[in-house]
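Residues take their numbers from the sequence shown, with the count starting at 1. Remember, it's 1-based here, ligands and their atoms both numbered in the order they're listed.
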Amino acid sequence: MSEKPKFYLTTPIYYPSDKLHIGHAYCTVATDTIARYKRLLGCDVMFLTGTDEHGQKIEDKAKEAGVTPKEFVDNIVEGPRGVKDLWKLMNISNDRFIRTTDDYHISAIQKIFKQMYDKGDIYKGVYKGKYCKPCESFWTESQLKDGCCPDCGRPVQDAEEEAYFFRLSKYAGRIQDLLENTDFLEPRSRVNEMVNNFIKPGLEDLCVSRTSFTWGIPVDFDPGHVVYVWIDALSNYITALGYDNDRYHDFEKYWPADVHIVGKEIVRFHSIIWPAMLMSLDLPLPKKVYGHGWLLLDGGKMSKSKGNVVDPYILAEKFGVDALRFFLMRTFPFGSDGNFSNELLIQTINTDLANDLGNLVSRTTAMVGKYFGGALPAGCGAAEDEKKLAASCAAPECVAVISASDGPEKFDGELIALAGALRNKYQEDMDAFAPHKALEEVFAVIQRANKYIDENAPWALAKDMQANGPRLAHVMYNLLEATRICGILLTPFMPESMDKLFVQIGAGADCRTWESAGVWGSLSDTAAVTKGENLFPRVDLDKALAQLEAAEEAARKAALPAVEVEPQLEETVDFDTFCKSDFRVVKVKDCVPVKKSNKLLRFTLDDGTGTDRQILSGIAMYYKPEELIGKTLVAIVNLPPRKMMGLESNGMLISAVHTEHGEEKLHLIMVDDAIPAGAKLC
Ligand code: ME8
């Protein structure tokens, strides 16, 4: 028996600094659809996804949340409504899930780093950058905001730190050749961008270790250095197969990967740095990197910091997982950007799924039930010449020939020819990473089948069953058969719904296969047909939009802090340190909102010194400014001045914070108005 062809494909491993949004789901659903398609073709598929869990951002976020970085990522990856839950909900059929905090990956990265070092491709040098002293952070020139620290806005200074570098420059020629002279990177439009923007200006060696933070994989032969997060992350594609570790043993079997599916902004890492790393390790290169476009919202990229993310949970729960999967693949050409909107989602569900596919299935199954009691008479199936026609219809010319004939057979021929040609066209599109085009082909057949119902007017034929019974049965059979073929090809997109569809049209396991999608007449003519539940109910646009808005608003309100933390007491401070804090009673002379900020209020305070003190406080969500004027509050007054929104804040007002229904609430501490301004708290 010949061995099944192998197919290894991957998604990027996601960065769990926040919960995932619909853009992440887009990438994973696309890869899942391709994985399912390859399995349908009979391939031995390895589909890998996972999470990329190291780096300064995670370290910072964990600190903010008051937990360890590992606790922080555990919650987002394994916790309720986390990454793994989302993939389960979206019916993602990954064969493996890697976390870069897995022990086997960590030790493999240390070996990989050492291998490249021993080869002379990694060397020690000096990393020159910008340093913000108060934040203890290194920045590159391009990360600065108006030449200042992007976090606190203060001036930065030139700084140097010892670091390891990878000789990326050594591989520039080979990478350019790979990009320009092979089909390694697709779509082709991305090749020019890589060559012109990154290779031609001169590929510099890459800094691959850091000493300014600790949440990374330690360089085991030089403690204090952690491995640059992209070296760690990209290697997941081989460590997850067992490279340099004993956890898995599939490297020989599946490497090189057939395709890495990635978003366009990380094409650079996958098409320049990753092949160079593999060249350094003397390993074969992946066969392809495919850089897909972004889902945009109001014309911009979704991002948590912009507050414009769409929650896939809400959409899947409202419209069903399959409808959401389908929408993502049907609407946006995979290689380009697309504008997401709830309206578009609902329109696609109504037009394609409820009207076209849903109607075809419900009308056909209802009529087989009504006119034939749920099973067509034996002998009504595909005639030999129809089977031949379908088989020869990889070529569209035959549709023209059939169209020239007369009588109702003309319609049969058109439908059969189109359905017969479908599988090959679909395969071409899927192999070219154009799932949206493959779906267009499938829906052309579905629309043709709906037209076929109207052309044949089964309700008119049914008026005289004696005379028209055989013709009516044949019309019904053709409809079931066209539906079956479309159902098979839609399975990678909507696996659960297509299982239900097959049950309704009586298609058993042997006529749900890829082979049978290419053979007209595979369905038994006496298959048991049942009109089941409506697979894709129509959605009331206005009502659904209003509900979505309410659900999104509720989710925003209920959004728990990224990690739920047990209330815990802060670390202890010694008495002398505590006594250095200068808490004073202050009176609010004036309080106004800060322009362009929905968080900050600007206070003018009497602190008893005779000079007004200005403090900015992030409590605009909890108080109206005018209601605070005249109040007696508590402030710490010996903090260094801080600039926020271009205004200086001298100290901090003291508030009590608590969480209610997942929402953080702040209450300013107000004290007896009889206490004079400037009184010291002790
Ligand atoms: O980049 N539309 O992780 P990530 C389409 N850890 N795709 C989107 C998107 C959007 N609006 N937003 C994000 C990383 N993505 C690295 C990968 S791989 C060795 C390491 C896609 O969580 C994005 O393009 O920031 C990327 O391909 C993927 O989600 C993961 O992004």
ask   = When you measure from the centre of the six-membered ring of F97, is the NZ or CZ of K84 under 6.0 Å away and within 45° of the axis?
value = yes
Whether F443 and F326 hold their rings parallel, tilted or perpendicular, with breakpoints at 30° and 60° = tilted
task = Measure the acute angle between the ring planes of Y254 and Y8, then classify it against the limits of 30° and 60° as parallel, tilted or perpendicular.
result = tilted
key: Under-4.0 Å salt bridge between D352 and R330   = yes
ask   = Measuring from each atom of ligand 1, which residues have a heavy atom under 4.0 Å away?
value =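 Shell around ligand 1 (4.0 Å, heavy atoms): P12, I13, Y14, Y15, H21, G23, H24, Y26, D52, W230, A233, L234, N236, Y237, V262, G263, E265, I266, H270, H292, G293, W294, L295, K301.
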task = With sequence neighbours excluded, give me every side chain to side chain donor-acceptor pair (under 3.5 Å) pair touching residues 332-351.
result =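 Non-adjacent pairs meeting side chain to side chain donor-acceptor pair (under 3.5 Å): K264-D337.
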Atom CG of D146: over 12 foreign heavy atoms under 6.0 Å = no
